[in-house]
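Okay, so here's the structure we're looking at.
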2 protein chains.
Amino acid sequence: MLTGKNVLIVSPNQLQAIGLKSILYEYFSPKEVDIQSEFDNSLNKHLAEYIFLSSDIYLAHQKKLQAITRKLVILTEFEQDEESFENPAMLNTTLSQTELVDKLETIFKKNAGKSEDDQNEKLSLREIEVLVLVARGFINKQIADKLSISLHTVMSHRKNITRKLGIKTVSGLTMYALLNGLIQPKDVR
Amino acid sequence: MLTGKNVLIVSPNQLQAIGLKSILYEYFSPKEVDIQSEFDNSLNKHLAEYIFLSSDIYLAHQKKLQAITRKLVILTEFEQDEESFENPAMLNTTLSQTELVDKLETIFKKNAGKSEDDQNEKLSLREIEVLVLVARGFINKQIADKLSISLHTVMSHRKNITRKLGIKTVSGLTMYALLNGLIQPKDVR
DNA sequence: TGTTAAATCACTACAAATGGGGATTGTGGA
DNA sequence: TCCACAATCCCCATTTGTAGTGATTTAACA
């Protein structure tokens with residue numbers, strides 16, 4: 001299910017992290033699972049497609065994490081309702097091993113399914129980054145500066161985004177980003 | 001600071017809730033402070049201007065809470081960085097009483113400033129019409145045609161809208177219109 | 001009746017986005 | 001190895017929006 005994919009676990013609770021790692025290796029054959037005990041900014045550069053985060057770290061660094069386009073899974077000890085299940089997904093750490101595996105399967109399936117259904121053409125990670133910044137109200141020049149790329153590149157990405165999504169307006173892109181959990185109202189300028 | 005204002009505390013931790021309640025009454029003279037131990041949907045109908053939430057409840061119901069326009073304060077036990085301090089604001093429950101009062105003051109001040117700016121000038125009916133069309137993804141020329149007015153007039157209205165609301169970006173206006181019930185996602189092009 | 005605010009229209013200069021062409025790297029998969 | 005694709009960069013012409021400074025008409029209202 002995670003074949004060829006990298007996973008990062010960020011949790012100060014080492015036992016919890018190790019437990020999750022062993023479950024992932026046993027049932028989902030990921031390419032690699034890394035563990036960090038602290039949040040740091042190297043996270044942006046990490047290759048992981050899935051990032052598991054303890055709830056405290058998620059809360060404390062929410063602002064920074066919003067720009068992250070990778071799939072987030074929050075580790076919490078609280079029973080969550082079904083609706084709030086996607087993006088960020090949540091995993092109740094008090095569940096039994098079998099239940100955990102089930103929940104993880106659901107999470108991985110949803111994400112896999114989503115990317116196939118929603119668009120015939122998937123956005124690349126970079127395109128999603130640009131989309132998020134557009135939706136948050138930054139102009140192309142600001143996006144270029146933020147991502148340290150040229151204005152031309154930003155425009156290229158935007159051309160591809162509008163083509164792939166078939167959405168031509170900033171309002172439309174904003175709504176798309178909101179409905180797909182890429183941004184939250186408070187992110188917008 | 002909270003004069004005449006209602007507050008709701010949602011936390012399964014009763015002691016924590018009662019402690020917060022007593023601090024609020026002692027230092028901020030709110031109109032009323034209610035306590036709920038569980039999250040339920042009556043929250044939408046509650047009059048509270050401020051809602052304090054335990055971090056677990058916030059995490060579990062994040063999706064639903066995104067639509068809430070009331071001011072949220074999350075109760076966490078983790079030291080958060082300064083950046084992630086506004087909306088939702090966070091309150092570290094491990095702080096001393098004096099520190100707590102300081103932090104709360106900061107939170108209330110920030111929000112007070114914000115709401116004053118917001119209410120400064122009301123939009124005229126025509127401005128709201130224009131705002132809605134902007135948020136739905138129409139360009140000025142299309143708006144002019146739809147309203148049978150000149151492009152100049154549309155631009156005039158937009159200038160007034162951005163000045164009154166203090167929102168300069170299309171994304172921001174879109175989100176404003178959405179959060180204020182002026183548009184629905186399906187309206188957007 | 002004089003004041004005020006809304007709604008309308010206009011000009012200028014400039015900033016930003018769009019839509020159409022391209023090109024070059026590097027990586028990973030078939 | 002070859003191909004596809006992501007990511008980067010470039011040029012051009014045109015459209016759209018922004019910012020500042022105006023004016024006129026009408027309707028409300030104290």
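What's counted below: heavy atoms across the whole structure, side chains too, no hydrogens, waters or symmetry copies. So you know, we letter chains A, B, ... as the sequences are listed, proteins then strands, and number each from 1.
- K21(A) places no side-chain N or O within donor-acceptor distance of the main-chain N or O of D34(A), the cut-off being under 3.5 Å.
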- Note on the structure: Protein heavy-atom contacts under 4.0 Å, written 5' to 3' over nucleotides 12-20 of chain D as B (base), S (sugar-phosphate only) or - (none), form the string ----SSB-B

- Where along nucleotides 25-30 of chain D does protein come under 4.0 Å, by heavy atom, of base (B) or sugar-phosphate alone (S), with - for untouched nucleotides? ------

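- For the residue pair I143(B) and V130(B), the shortest heavy atom distance occurs at CD1-O, 4.3 Å.
- Here S150(B) lies in heavy-atom contact (under 4.0 Å) with sugar-phosphate atoms only.
- For the salt bridge (charged side-chain N to carboxylate O under 4.0 Å, His left out) condition, the pairs that include at least one residue of residues 140-150 of chain B, sequence neighbours left out, are K141(B)-D145(B).
- Of the side-chain N and O atoms in H157(B), one or more sit less than 4.0 angstrom from OP1 or OP2 of dT8(C).
- When distances run from any side-chain atom of S156(B) to the nucleotides dT8(D), dC9(C), dA7(C), the shortest one goes to dC9(C).
- Near DNA chain D, meaning a heavy atom under 4.0 Å away, there are no residues from residues 123-133 of chain B.
- Here side-chain hydrogen bond (donor to acceptor under 3.5 Å, both in side chains) pairs that include residues 22-32 of chain B, with residues two or more places apart or in two chains, are Y27(B)-Q97(B).
- The two residues V170(B) and R158(B) come nearest to each other via the heavy atoms CG2-NH2, 4.0 Å.
- Shown here are the side chain to side chain donor-acceptor pair (under 3.5 Å) partners of S148(A), two or more places apart in sequence or in another chain: there are none.
- The two residues L173(B) and A135(B) come nearest to each other via the heavy atoms O-CB, 4.1 Å.
- A heavy-atom distance below 4.5 Å is not found between the side chains of N92(A) and K103(A).
- Looking at residues two or more places apart in sequence or on another chain, you find a side-chain contact (heavy atoms from CB on, under 4.5 Å) between L100(B) and I23(B), L91(B), L95(B).
- Residues N140(B) and M155(B) share a closest heavy-atom pair of ND2-CG, 3.9 Å.
- In terms of the ring-ring contact (aromatic ring centres under 6.0 Å, His included) criterion, F138(B) has no residue partners (sequence neighbours excluded).
- Defining each end axis of the helix from dT1(C)-dA30(D) to dA30(C)-dT1(D) as the rotation carrying four pairs' C1' atoms onto the next four, with five pairs an end, the two axes are found to diverge by 50° to 10 degrees.
- With sequence neighbours left out, D187(B) forms a side-chain contact (heavy atoms from CB on, under 4.5 Å) with R136(B), I183(B), Q184(B).
- Scored by the side chain to side chain donor-acceptor pair (under 3.5 Å) test, S54(A) finds no partners at all (sequence neighbours excluded).
- The two atoms that bring G137(A) and R189(A) nearest to each other are O-NH1, 3.0 Å, heavy atoms only.
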- Summarise how protein sits on nucleotides 24-29 of chain C as a single string, 5' to 3': B when a protein heavy atom is under 4.0 Å from the base, S for sugar-phosphate-only contact, - for no contact. ------

